[in-house]
Amino acid sequence: MMLNGADPIADALGALAAPPPTGLADKVFTAWLAAPSRLGEVFVAFTGHGVQFVRPAETLHGDIDAFAESYRDRFGRPLRPAARAPSGLLPTLRGRPATSLRLDLRGLSEFERDVLTATRRIPAGETRPYGWVAREAGRPRAVRAAGSVLARNPMPLLVPCHRVVRADGRLGDYMFGSAHKEKLLRDERVDLDEVVALARQGVHYLGSDTTGVVCFPTCHNARRIDPAHRHGFRSVGAAVAAGYRPCRTCRPAADATSA
DNA sequence: GTCATGACGCAGA
DNA sequence: ATCTGCGCCATGA
C-alpha cells in the first residue's frame with residue numbers, strides 16, 4: 001500500500017493545489033469572457049491578478065479561437081471560459097470607469113507598464129499628446145517608442161489609448177482605425193472641432209489671465225476659462241514667457257522657451 | 001551585437 | 001497647408 005509521502009508526484013501535485021481560492025486550473029489557464037463595450041462586443045482575458053487582454057469581436061470576425069490564438073501568441077497560455085467578470089470590468093467597458101478594476105501588467109516590460117499606467121491617468125473627455133505620455137512614463141524623448149507601445153495596447157478602452165493624440169492637434173493613428181478613435185472621443189464629449197479650430201491658428205495651449213495657469217485645451221480647467229480671459233499659446237514656453245505657469249492637473253510640458 | 005521598424009515631433013521647404 | 005527629412009528610442013528579428 002502507498003504510505004503518505006511515499007509518492008513524490010502526488011505530493012508535488014498536492015502542493016501545487018494547496019492555495020484554495022486559485023486552483024490548479026487558474027495556474028495553467030487564463031479565463032476569458034465576452035462583454036458589451038463602447039467598441040461593440042469584446043473578448044476579455046483575465047487572471048487572478050487582473051485583466052490582461054481585450055479585443056473587439058469584430059476585429060476577430062467574432063471568432064473566439066482567433067482570440068485564444070492571439071492571446072497565446074502574446075502571453076503563452078491557453079484560455080478557458082470564465083463564470084463571471086472581474087470586479088469593475090463591465091462598467092469600465094461601458095465608459096463608466098470603476099476604481100475596483102485591476103489590470104494584470106505582468107509579462108510587460110517596465111517601459112510598457114509605465115506608458116500604459118500614464119495613459120490610464122488621462123481623464124475621460126480629455127486628450128494628451130504622445131510626448132506627454134512619454135514624459136509621464138519617465139522617458140521624455142521616447143515619444144515614438146511610446147506610440148509603438150500604444151499601437152499594441154493589450155487593453156484598449158481599459159487603458160484609454162484613444163485619448164492620446166498628436167502634438168499638432170491631429171488625432172494620430174488608432175489600432176482599430178482613427179475613425180473609431182474619433183467616435184470614442186466625441187462620445188466622451190471632447191470638442192474636436194474646437195481643438196482643430198485652435199490648431200489652425202497655431203494654438204495648442206490655453207491660459208487664463210485671471211489664474212495665470214496654462215493648460216492643454218481639453219483640460220477641464222481650460223474648458224472653464226471665461227472667453228474674455230482666455231489666451232491661446234503656441235507653446236508652453238510662450239505662455240511661461242507671458243507669466244503663466246503650467247496647470248498642475250493636466251501638466252503640459254514646461255520645457256521649450258520658444259515663442 | 002547589428003539592424004530595421006514605427007499610433008511621434010519639429011524644422012524647413 | 002502639406003510634404004519631406006531627420007532625430008529620437010524601445011523592441012524584435
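In the text below, chain A, chain B and the rest are named by the order of the sequence lines, each starting its count at 1. Predicted model, so just to flag it, every value in this text is computed and none were measured.
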**Q** Transitively linked via ILVMFWY side-chain contacts under 4.5 Å: A/Leu206 with A/Val240?
**A** no

**Q** Write down the protein N/O and nucleotide N/O pairs, taken from nucleotides 6-9 of chain C, whose separation is under 3.5 Å; answer none if there are no such pairs.
**A**
{"unit_1": "C/dG7", "atom_1": "O6", "unit_2": "A/Arg144", "atom_2": "NH1", "d": "2.5"}
{"unit_1": "C/dC8", "atom_1": "N3", "unit_2": "A/Arg144", "atom_2": "NH1", "d": "3.4"}
{"unit_1": "C/dC9", "atom_1": "OP1", "unit_2": "A/Arg141", "atom_2": "NE", "d": "3.2"}

**Q** For residues A/Val165 and A/Leu150: do they belong to one hydrophobic cluster (side chain heavy atoms under 4.5 Å, members Ile, Leu, Val, Met, Phe, Trp, Tyr)?
**A** no

**Q** What pairs of nitrogen or oxygen atoms, one from the protein and one from nucleotides 11-13 of chain C, lie under 3.5 Å apart?
**A**
{"unit_1": "C/dT11", "atom_1": "OP1", "unit_2": "A/Ser109", "atom_2": "OG", "d": "2.4"}

**Q** Give the C-alpha distance, both sets of side-chain angles, the deciding distance and a yes or no for side chain to side chain contact (heavy atoms under 4.5 Å, CB included) between A/Val149 and A/Phe111.
**A** CA-CA 9 Å; A/Val149 168; A/Phe111 180 65; 3.6 Å; yes

**Q** CZ of A/Arg135 versus P of B/dG9: gap in Å, rounded?
**A** 13 Å

**Q** So do the side chains of A/Phe216 and A/Arg128 get within less than 4.5 Å of each other, counting heavy atoms only?
**A** yes

**Q** Not counting sequence neighbours, list each pair that qualifies as a ring-ring contact (aromatic ring centres under 6.0 Å, His included) and has a residue in residues 170-201 of chain A.
**A** A/Tyr174-A/Phe176

**Q** Check every strand shown and say whether A/Gly172 touches a base, only sugar-phosphate, or nothing at a heavy-atom separation below 4.0 Å.
**A** nothing

**Q** Establish whether the base of B/dA7 is bridged to the side chain of A/Tyr174 by a donor-acceptor pair shorter than 3.5 Å.
**A** no

**Q** Verify whether the ring centers belonging to A/Phe233 and A/Tyr244 lie closer than 6.0 Å.
**A** yes

**Q** Give the rounded distance in Å between these two atoms: CG of A/Asp168 and P of C/dC3.
**A** 12 Å

**Q** For residues A/Leu60 and A/Leu79: do they belong to one hydrophobic cluster (side chain heavy atoms under 4.5 Å, members Ile, Leu, Val, Met, Phe, Trp, Tyr)?
**A** yes

**Q** Using Watson-Crick or G-U wobble geometry with both distances below 3.5 Å, tell me the partner of B/dG1, or none.
**A** none

**Q** Which whole-number value in Å describes the distance from A/Arg200 CZ to C/dA1 P?
**A** 8 Å

**Q** Of the options B/dA7, B/dC8, B/dC10, whose atoms approach the side-chain atoms of A/Arg166 most closely?
**A** B/dC8

**Q** Side chain to side chain donor-acceptor pair (under 3.5 Å) for A/Glu182 and A/His162? Distances and angles first, verdict last.
**A** CA-CA 8 Å; A/Glu182 176 167 354; A/His162 59 280; over 6 Å; no

**Q** Searching all strands shown, indicate the nucleotide that pairs with B/dA7 (Watson-Crick or G-U wobble; both distances under 3.5 Å).
**A** none

**Q** Could you state the atom-to-atom distance from CZ of A/Arg234 to P of B/dC10 in whole Å?
**A** 11 Å

**Q** Rounded off to whole Å, could you give me the CG-to-C1' distance for the A/Leu150 and C/dA10 pair?
**A** 13 Å

**Q** Decide whether A/Met175 and A/Leu171 are clustered together by the hydrophobic rule: side chain heavy atoms of Ile, Leu, Val, Met, Phe, Trp, Tyr closer than 4.5 Å, transitively.
**A** no

**Q** Figure out the CE/P separation between A/Met175 and B/dC8, and round it to whole Å.
**A** 14 Å

